[in-house]
**Q** 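Have a look at this one before I ask anything.
Just so we're clear, the structure is a prediction, and the values are computed from it rather than from any experiment. Convention: sequence-line order gives letters A, B, ...; per-chain numbering from 1.
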Amino acid sequence: MKALAELKKSLGIALWFMALTFPVMVIRVNTIERVVEWRWRNMAFIGIGSFLLSFAWRLLLARKERGRGKTDTGDGTIPAVRRRLLAAPGIRQPALAALALSAAAFPFLFSSYQTNIMTTALMYVMLGLGLNIVVGLAGLLDLGYVAFYAVGAYSYALLNHHFGLGFWAALPVGALLSVLFALALGFPILRLRGDYLAIVTLGFCEITRLVLENWNEFSFGPSGIANISRPGLFGLRLTLHEATIYFYFIVLGLCLATLFVVRRLQHSRVGRAWVALREDEIACEAMGIDKARAKLTAYTLGAAWAGMVGVLFAAKTTFINPASFTFLESAMILSIVVLGGMGSIMGIVVGAFLLILTPEYLRAFSSYRMLLFGTVMVLMMVFRPQGIVANVRQVYRYRKQPESEGCAGG
Amino acid sequence: MPLLELDNVATFYGSIQALKGISLSIAAGEIITLIGANGAGKSTTLMTICGIAPPRAGRILFRGAAIEAAEPHEIVRRGISQVPEGRRIFPHLTVTENLAMGAFLRKDSTEIARDREYLFSLFPILKERRHQPGGTLSGGEQQMLAISRALMARPALLLLDEPSLGLAPLVSRLIFRIIRQINEERRTTILLVEQNANLALRIAHRGYVLENGRITLEGNCAELLGNEEVKRAYLGM
């Protein structure tokens, strides 16, 4: 009975679509031969296509509704299984070892091109993890994250251009400058929340890009800065291929360091303050947490990573211009965080690889890239809003809880 | 020396004056209730004490030190915990995690565990539901959790805003009984804001009646319960 109703609804949708697309898909006026072509076959295709799609959609939605009843009443059996699987030393250790080995062997097995792509993906993993601190952990919607990325990239490019500063010196400087930028912006926007914060950060992102584009004396405008030095290795002269491999390992190392730090942060005292902030701002204050400080730490820490990856980006491409730091880039990083699963480290790693690698390997479909991207996003948000890998929070236990460290809210 | 003293406190929301010179004092170990109609300024008084709506004039002394200019988190650190209006528990955190958040400022983990067990003994239902996300609890259970979470900070003074709001009469009576019990067993001083004057005046020691941002009556609860005006206006007799 219910299936019949669903079928009817899908049939209705198919008819509606056939009527909607009729003028475009069926009628074709041939102005040269002065005849009207009636392409009824197109209409049939559209009808069948939209009927099948709509039916599949309804089927999946219904299945999701049924599934929800099951998982919500139980106390999270699905994550529990996953956790057990990951916690079992018999599986976890060999899996990690295999992963480490393949990551280390990758640049020697594949071409420079592949290594480059992988380096980019790892950089986006770091960007995602940095933004995750702001969006996933502290719950501050930041649409202007790429501004800090630009600050990092330009600080290396300019310092290298004017003063010949090397990569390793520029790495902390870029991060520091981004932190200063975040602090300068952070103080006035701390009162804002939700949508207002999103709009202000978006504005900041655009301002940064426009300044870089127009202040020719400072940033060389749209023509950008070229010939940025690659990272050196004790004065050795590296071929391009060797430099690519070397750079891959730098990024891999920094990425692992990021993973480690973010993991520690998540379970620290300041991490708990962020969780409270994300859940309820007023209650967070009532717990004695310094709200302003928690927000500012999240914001500046996120910016520090963006700045660092910015330096990496400038060193990798050896050329930067403002076109690399558009809002689209912010949206991309945000998509990684949301698609992967907010607050979940595993999810962000998977999300970054998916979003960066698939377009590279699907070059054949490059013109449909944004279309596919949008479709995947819609499907994800409908069927798996918690992300690819949902965040499994650490359960606090009183007796076994180690002495908390860090100092959020003092 | 009273634990908390308000001296001629005036609070504004923009240009609207919500409190027009409130003076009250609470001694350690007391339960004080503020009763009054909607919009009389009861909740504002609580928000003013805990620093969310700082006063424009007047003084607030806690243990003899001025706190009217302190930040909300600073006031919590000094020993004033608040159960905010509408409970505001963390919906996605479990009951245990909510309680852990209440003890955010404390580092003595064995004492924290002991306090938690004490609260579980007061509210056994919370122990049963300890792994459940706070958002899935019923209204009464959420209120119990909110009170427990505030007590996890071991406050000297507990501010309660409308604990009976939206609860079944039986549940609110249970909660009021436990508020009294906490006051007796823990010597926690309690400032209770309540619509249900009947219930509040029965567990409190003293009460203040608020009208349009001013205190119009004060006295011990027996007196207030016997006062003709209070009977007519707030007890519906």
**Q** So does B:A100 get a backbone contact from the side chain of A:R272, meaning a donor-acceptor N/O pair under 3.5 Å?
**A** yes

**Q** Given A:E285, which of B:P72, B:P84, B:C50 fulfils the side-chain contact (heavy atoms from CB on, under 4.5 Å) condition?
**A**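 Between A:E285 and the candidates, side-chain contact (heavy atoms from CB on, under 4.5 Å) is satisfied uniquely by B:P72.
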
**Q** Report the residues that fulfil ring pair (Phe, Tyr, Trp, His ring centres under 6.0 Å) with A:F204, sequence neighbours left out, ordered by chain and then residue number.
**A**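 With neighbours one apart ignored, the set is A:F148.
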
**Q** Evaluate whether atom OH of A:Y196 has more than 12 neighbouring non-hydrogen atoms of other residues, nucleotides or ligands under 6.0 angstrom away.
**A** no

**Q** Which bit of B:Q82 is near chain A, if near means a heavy-atom gap under 4.5 Å: side chain, backbone, both or neither?
**A** both

**Q** Looking only at non-hydrogen atoms, find the nearest pair between A:A276 and B:F90 and report the distance.
**A** O-CE2, 3.5 Å

**Q** Hey, is CZ on A:R263 packed in by over 12 heavy atoms from elsewhere, all under 6.0 Å?
**A**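 Not buried by this count: 12 neighbours or fewer within 6.0 Å.
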
**Q** Who are the side-chain hydrogen bond (donor to acceptor under 3.5 Å, both in side chains) partners of A:Y145, not counting sequence neighbours?
**A**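 Expected list: none.
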
**Q** Kindly indicate whether the side chain of A:D290, heavy atoms from C-beta on, has any atom under 4.5 Å from the side chain of B:E74.
**A** no

**Q** With rounding to the nearest 0.5 angstrom, report the SG to NE2 distance, A:C284 to B:H73.
**A**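 Atom-to-atom, A:C284:SG and B:H73:NE2 are 10.0 Å apart.
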
**Q** Which atoms of B:R87 are under 4.5 Å from chain A, going by heavy atoms: the side chain, the backbone, both sets, or neither?
**A** neither

**Q** With a 4.5 Å heavy-atom cut-off, do A:R269 and B:K107 have their side chains touching?
**A** yes

**Q** Just wondering, more than 12 heavy atoms not from B:F62 lying within 6.0 Å of its CZ?
**A**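 Enclosed: over 12 neighbouring heavy atoms sit under 6.0 Å from CZ of B:F62.
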
**Q** Can you tell which of B:A153, B:S81, B:P91 has the highest number of heavy-atom pairs within less than 4.5 Å of chain A?
**A**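 Maximum pair count with chain A is reached by B:P91.
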
**Q** Tell me, with the steps shown, if A:M287 and B:V76 meet side-chain contact (heavy atoms from CB on, under 4.5 Å).
**A** CA-CA 7 Å; A:M287 299 300 100; B:V76 178; over 6 Å; no

**Q** How many angstroms lie between atom CD of A:E281 and atom CZ of B:R88, to the nearest 0.5 angstrom?
**A**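 Answer rounded to 0.5 Å: 9.5 Å.
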
**Q** Ignoring hydrogens, what is the shortest heavy-atom contact between A:D280 and B:I89? Give both atom names and the distance.
**A** OD2-O, 4.5 Å

